[in-house]
J.: 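Mind having a look at this structure? Questions to follow.
If you're wondering where the values come from, they're calculated on a predicted model, not measured in any experiment. Note on naming: letters A, B, ... go to the chains in the order of the sequence lines (proteins, then strands), and numbering restarts at 1 for each one.
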Amino acid sequence: MAQDEKEKRPLHFIEQKIEADIAAGKHGGAVLTRFPPEPNGYLHIGHAKAICVSFGLAAKYGGKTNLRFDDTNPEKESTEYVDAIRKDIAWLQFEWNGGEYYTSDYFEQLYDFACKLILRGNAYVDDQSSEDMAAQKGAPGQPGQNSPFRDRSPEENLRLFEEMKSGDCEEGSRVLRAKIDMGHDNMLMRDPIIYRIKFVEHHRTGRDWVIYPMYDFAHGQSDSIEHITHSLCSLEFENHRPLYNWFIQTLGIYPTEQTEFARLNLNYTIMSKRKLLRLVEEGAVDGWDDPRMPTISGLRRRGYTPESIRVFADRVGVAKRNNVIDVSLLEWSLRDDLNRRAPRVMAVLNPIKLVVLNYPEGESEWLETVNNPEDESAGTREVPFGRELWMEADDFKIEVNKKWFRLAPGRVVRLKSAYIVEYVDHLTDEAGNVTEVHVNYIQNSRSGQDVSGVKAKGTLHWVSRSHAIDAEVRLYDRLFNESDPEASGDFMDALNEDSLQIKSKCKLEPSLANAQTGTVYQFTRLGYFTIDSKYSVPSGLVFNRAVTLKDGWKG
RNA sequence: UCCCCGAUGGUGUAAUGGUAACACACCGGUUUUUGGUGCCGUUAUUCCAGGUUCGAGUCCUGGUCGGGGAACCA
């Protein structure tokens, strides 16, 4: 069935291109894609889409995918990020079956490419300052000027480039530039810098190199070296494509091809590694994996499933138009997945005492309840019931109108999987807050064997007071108050001060003592929750709310 | 000022010259021992102007609007 749906679905523009390429026998019909993260930050939901596209397309067409770390700027990169990225991709259940590579693996080859360019008169060493070069670059609509070093001989350039490589030149004193056209309409074609000197230790090559290739000189050639057939990237690289092609053609190497598509944007969030880093560094969140972060690690800790993220990536589509996806689609993807799979349990987050006056003191009984009404195979379990229970403070109100289904003076409600109870009275503290509600239960209304004939409009969740276990529950709201956090200036000003609410004395049904990290539960009537992998310990359980249940009640 | 890309309901995505559809959101109804889920329904869409054509969201021309484009970042 899901298969049929896939068959029928129209092809997006990249699928159409791939199918045309295969039909034309291009690359012998092979499909090899790559995902090329720079290890300078954690992956976020936007990367998740890119991952789903590149890995998904290869899988769909019987091809493979390489994971390649684009590590040409040692100042910002580290193995911490490499490890986190590998973990996140694996968690999304994608396999880099084409292999794991690093652009730094190709430093030697890239250096040879550069020498080749020099020898052919297609590159030169420039001794100018970056200010001077910027001044000569011209502007959109106005051509630039040639560098005074542009016409050095290949021999001199090669000698100078070797000096750069051997560490004889100071940082910033020289660069290698491609010799293209200082009058080109595309600014990137105006003799772009392709190598710069950096006396910085690289996380993989150590101090072997003091010259490092720039992105444009590394990316396309790396694709070419690996024989990538379809190099997919985001729209921001459209302007780079002519350069990408220029290097490949000039060097006469494997003709890989770049295709751009629109990156994912989500409202009420920011999607830039640099800005997410700022949230981390300024302490606005509890690390890259804070459950409010749009990072893959944050979503994982929050309770998102890999399946829900993959479905989401599928739903947002692939096109060239800039987009802003509504976060509700992400939330829907999670609910849709979890509704079918999550075991139901009962938990009370804002507990008040509920006493069943006509239930025998000191007694209790275990009542059978289903684990998942959407999945019979999930089976049943027993929950303890007794005279003293915890109920949700929000489920009782003194003054109500006809739309109120829950407990109130004169009202009757069903306790989920247990009995129908009727209001008797309640206690309040000096401030007027309700502290305790008293009811009588209807004996022959027991769940599944109800012959009472009494009809209750509302159903409440509850937990037996003597069996309950305590836990901390963390409720999350959107990190930003603004749909576009950057619309009115600094996104830090748009932070939602109430994005984290910690409930410390929540009451859970006893089965949750064995809650497994990684399992997401539905707390009946409340939402989906999972053990916090960072702070939860057996003696002090901590749960995160992944997402609320959809609330159709407009009270 | 120049180059590149884009423009379809509130948000996304389809329709590949032939009845503008699907999802999310919204609103309403229904079922329900979760005010969840399910089911049914309502609202609402081709940027503008010309042209080609029997027929244009789709092709052509011009415009408008939006995004991207100057780093020894990727």
J.: Starting at CD of A:Gln258 and ending at P of B:C4, how long is that distance when rounded to a whole Å?
T.: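 Computing the A:Gln258:CD to B:C4:P distance gives 16 Å.
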J.: Grab the N/O contacts between the protein and nucleotides 66-73 of chain B below 3.5 Å, and write none if there aren't any.
T.:
unit_1, atom_1, unit_2, atom_2, d
B:G67, O2', A:Asn322, ND2, 3.1
B:G68, N2, A:Asn239, OD1, 3.2
B:G68, N2, A:Asn239, ND2, 3.4
B:G69, O4', A:Asn239, ND2, 2.9
B:A70, N3, A:Gly138, O, 3.3
B:C72, N4, A:Gly172, O, 2.6
B:C73, OP2, A:Arg196, NE, 3.1
B:C73, OP2, A:Arg196, NH2, 2.7
B:C73, OP2, A:Lys198, NZ, 3.3
B:C73, O3', A:Arg196, NH2, 3.2
B:C73, O2', A:Asn73, ND2, 3.0

J.: Taking only heavy atoms on the protein side, list every residue of residues 443-451 of chain A lying under 4.0 Å from any atom of RNA chain B, sorted numerically.
T.: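 Those residues are A:Arg446, A:Ser447, A:Gly448.
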J.: A:Tyr212 and ring-ring contact (aromatic ring centres under 6.0 Å, His included): which partner among A:Tyr195, A:Phe107, A:Tyr111?
T.: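 Of A:Tyr195, A:Phe107, A:Tyr111, ring-ring contact (aromatic ring centres under 6.0 Å, His included) with A:Tyr212 is met by A:Phe107 alone.
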J.: Rounding to the closest angstrom, what is the interatomic distance between B:U43 and B:C22 at atom P?
T.: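 It comes out at 13 Å once rounded to the nearest Å.
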J.: Can you measure A:Tyr268 atom OH to B:G12 atom P for me and round it to whole angstrom units?
T.: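 Nearest whole value for this atom pair: 14 Å.
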J.: Rounded to the nearest 0.5 Å, what separates atom CE in A:Met214 from atom CG in A:Leu110?
T.: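 If we round to the nearest 0.5 Å, A:Met214:CE and A:Leu110:CG are 13.0 Å apart.
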J.: Go through A:Tyr244 and A:Phe237 one step at a time and tell me if the ring-ring contact (aromatic ring centres under 6.0 Å, His included) criterion holds.
T.: CA-CA 10 Å; A:Tyr244 181 104; A:Phe237 292 101; 9.8 Å; no
J.: With rounding to the closest Å, how many angstrom separate the P atoms on B:G57 and B:A20?
T.: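 One P to the other, the span is 8 Å.
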J.: Please report the distance, rounded to the nearest Å, between CZ in A:Phe312 and C1' in B:U13.
T.: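 So the two atoms are 13 Å apart, to the nearest Å.
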J.: Under 6.0 Å from the ring centre and within 45 degrees of the ring axis: does the NZ or CZ of A:Arg204 meet both conditions for the six-membered ring of A:Phe69?
T.: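 Cation-pi check for A:Arg204 and A:Phe69: fails.
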J.: Determine the contact category for A:Leu11: base if any of its heavy atoms lies under 4.0 Å from a base atom, sugar-phosphate if only primed atoms, P, OP1 or OP2 are that close, otherwise nothing.
T.: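 Result for A:Leu11 = base.
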J.: Output all residues satisfying salt bridge (charged side-chain N to carboxylate O under 4.0 Å, His left out) with A:Glu15, sequence neighbours left out; order by chain, then residue number.
T.: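 Partners of A:Glu15 by the salt bridge (charged side-chain N to carboxylate O under 4.0 Å, His left out) criterion, ordered by chain and then number, come out as A:Lys60.
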J.: Provide, to the nearest angstrom, the distance between the CD1 atom belonging to A:Ile325 and the C1' atom belonging to B:G10.
T.: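 These atoms are roughly 13 Å apart.
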J.: Any N or O donor-acceptor pair under 3.5 Å from the base of B:G35 to the side chain of A:Arg406?
T.: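 Between B:G35 and A:Arg406, which were checked side chain against base, a qualifying N/O pair under 3.5 Å is present.
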J.: Using a 4.0 Å heavy-atom cut-off, does A:Asn339 contact any base of the nucleic acid, only the sugar-phosphate backbone, or nothing at all?
T.: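 It contacts base atoms.
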J.: Checking only heavy atoms, does the side chain of A:Arg525 share a donor-acceptor pair with the base of B:U34 at less than 3.5 Å?
T.: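 There is none.
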J.: Say you draw a straight line from CZ of A:Arg152 to CG of A:Leu160; how long is it, rounded to the nearest 0.5 Å?
T.: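 Reported to 0.5 Å precision, the distance equals 4.5 Å.
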J.: RNA chain B: stems of at least 3 consecutive Watson-Crick or G-U pairs, cut-off 3.5 Å?
T.: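 As far as RNA chain B goes, consecutive pairing (with distances under 3.5 Å) yields the stems B:2-7 with B:64-69, B:10-13 with B:21-24, B:27-30 with B:38-41, B:47-51 with B:59-63.
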J.: Quick one: A:Lys403 NZ to B:G28 C1', roughly how many Å, whole number?
T.: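 Rounding to the nearest Å, NZ of A:Lys403 and C1' of B:G28 are 13 Å apart.
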J.: Less than 3.5 Å apart, any donor N or O on the side chain of A:Arg344 or A:His461 sitting next to an acceptor on the other?
T.: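 Not at all, the side chains of A:Arg344 and A:His461 share no donor-acceptor pair under 3.5 Å.
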J.: Give A:Arg335 one of three labels, base, sugar-phosphate or nothing, depending on what nucleic acid heavy atoms sit under 4.0 Å from its own.
T.: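 No contact.
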J.: Which ones in residues 365-384 of chain A lie close to RNA chain B, meaning a heavy atom under 4.0 Å from one of its atoms?
T.: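 A:Pro373, A:Glu374, in order of number.
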J.: Sticking with atom P, work out how far B:G50 lies from B:G55, rounded to a whole angstrom.
T.: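 Straight-line distance between the two P atoms is 15 Å.
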J.: I need the minimum non-hydrogen distance between A:Phe405 and A:Val413, along with the two atoms involved.
T.: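 Shortest heavy-atom contact: O-CG1, 3.6 Å.
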J.: Can you check the A:His461 NE2 to B:U32 P distance for me, whole Å?
T.: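 From A:His461 NE2 to B:U32 P: 22 Å.
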J.: State which of B:G6, B:G35, B:A23 makes the closest approach to the side chain of A:Thr459.
T.: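 Closest nucleotide to the A:Thr459 side chain: B:G35.
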J.: Let's test your reading of the model: under 3.5 Å, does the base of B:U16 pair with the side chain of A:Gln16 as donor and acceptor?
T.: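 For A:Gln16, whose side chain was compared with the base of B:U16, there is a donor-acceptor pair (under 3.5 Å).
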J.: Distances for protein N/O vs nucleotides 44-46 of chain B N/O pairs under 3.5 angstrom?
T.:
none

